[in-house]
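The block underneath contains the structure these notes are about, expressed in structure tokens.
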Amino acid sequence: QKEVEQDPGPLSVPEGAIVSLNCTYSNSAFQYFMWYRQYSRKGPELLMYTYSSGNKEDGRFTAQVDKSSKYISLFIRDSQPSDSATYLCAMSDNYGQNFVFGPGTRLSVLP
Amino acid sequence: SAVISQKPSRDICQRGTSLTIQCQVDSQVTMMFWYRQQPGQSLTLIATANQGSEATYESGFVIDKFPISRPNLTFSTLTVSNMSPEDSSIYLCSVERNTKNSYEQYFGPGTRLTVT
């Protein structure tokens, strides 16, 4: 079993849809959870950051962490064509060590 | 956050040659990282570069192939040595910023390397 799993997609949705992106992980030591957005031919950009379990909202984006299920999600409301990118989850342990990335989900939002 | 620049942004190199990639950060950071991202794939950590000590390499990566320098707290280089077409990839540097309850990594724009 890989340490972090993520549906690679591609995921295509119409503009305005709600998008749900998910990752599962196996290491219970992970405490910090991040979502990165990577546009084609660009470096990953930190989008959302969450510590331990719970929800965090930032504009159209909501990150959820369920440590009991080892499951994290990123929701995008009112998706826009500009949201078309690859989304990578990432996580690390309590000391910022063992930083691990998921394989990424490629999202296309169609106008 | 952090502003990170990389040079070159892209290059096409001949088999058997070496390329040095530079990474510059706008402020002092303790930890810098070098990643490889092959087409359509996620990020693979090559090594962690700390100032004043030898870089720490991940399994499958060796210093002879990927020598790293870290002369100060804002700069690092990664050299891809004796290149082969299998080294064609995007190479990314990143830095870690630690704040209260936070360990975040920020990435440079990447260097797209093609080996012919």
Side-chain angles (χ1 to χ4, degrees), chain A residues 2-11 21 23-25 27 29-54 56 58 63 65 67 85-108, chain B residues 1-11 21-26 29-50 56 58-59 78 88-114:
Chain A
K2 293 182 180 178
E3 202 164 16
V4 178
E5 303 212 33
Q6 187 176 2
D7 187 339
L11 177 64
L21 303 167
C23 284
T24 59
Y25 62 95
N27 188 346
F30 288 141
Q31 296 285 345
Y32 298 93
F33 303 92
M34 289 138 282
W35 285 94
Y36 286 82
R37 176 175 62 194
Q38 186 175 22
Y39 291 114
S40 180
R41 298 175 182 272
K42 301 285 188 183
E45 167 196 10
L46 181 61
L47 196 59
M48 296 283 287
Y49 168 87
T50 310
Y51 173 68
S52 194
S53 284
K56 186 173 185 178
D58 184 1
V65 175
K67 289 187 63 183
T86 296
Y87 290 81
L88 301 109
C89 63
M91 45 202 77
S92 68
D93 64 21
N94 212 29
Y95 302 99
Q97 303 294 312
N98 193 23
F99 208 100
V100 179
F101 284 86
T105 298
R106 192 150 53 92
L107 170 68
S108 292
Chain B
S1 65
V3 177
I4 304 168
S5 60
Q6 282 185 237
K7 289 182 184 179
S9 59
R10 60 173 58 210
D11 207 342
I21 303 168
Q22 299 179 6
C23 180
Q24 180 76 52
V25 189
D26 66 338
V29 293
T30 301
M31 299 183 74
M32 294 180 76
F33 306 89
W34 286 98
Y35 286 85
R36 182 171 71 185
Q37 186 176 32
Q38 294 181 311
Q41 303 295 315
S42 189
L43 301 162
T44 301
L45 180 63
I46 298 171
T48 302
N50 294 325
T56 303
E58 297 299 306
S59 176
L78 169 76
S88 298
S89 189
I90 299 172
Y91 292 85
L92 296 141
C93 70
S94 75
V95 303
E96 185 176 88
R97 278 279 158 82
N98 302 337
T99 60
K100 185 179 178 184
N101 292 331
S102 167
Y103 292 94
E104 300 169 5
Q105 280 199 26
Y106 296 92
F107 286 85
T111 295
R112 183 176 294 268
L113 171 62
T114 303

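Just so we're on the same page: letters track the sequence lines, and every chain starts at 1.
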(request) Would you mind checking which part of B:Q37 comes under 4.5 Å of any heavy atom in chain A, side chain (CB onward), backbone (N, CA, C, O), both or neither? (result) side chain
(message) Under 4.5 Å from any heavy atom of chain A, what part of B:L92 do you find: side chain, backbone, both or neither?
(response) side chain
Heavy-atom closest pair, residues [X] and [Y]:
X: A:Y36; Y: B:Q105; value: OH-O, 2.6 Å
X: B:F107; Y: A:P44; value: CB-O, 3.4 Å
X: B:S42; Y: A:P103; value: CB-CA, 3.3 Å

(request) Take atom NZ of A:K42 as the centre, draw a 6.0 Å sphere, and report whether it contains more than 12 heavy atoms from other residues, nucleotides or ligands. (result) no
(request) Determine the option with the most heavy-atom pairs under 4.5 angstrom with chain B, choosing from A:Q6, A:R106, A:R41. (result) A:R41
(request) Heavy-atom distances under 4.5 Å only: say whether A:Q31 touches chain B with side chain, backbone, both or neither. (result) neither
(message) Below 4.5 Å, heavy-atom pairs only: which of B:L43, B:I90, B:T48 has the largest tally toward chain A?
(response) B:L43
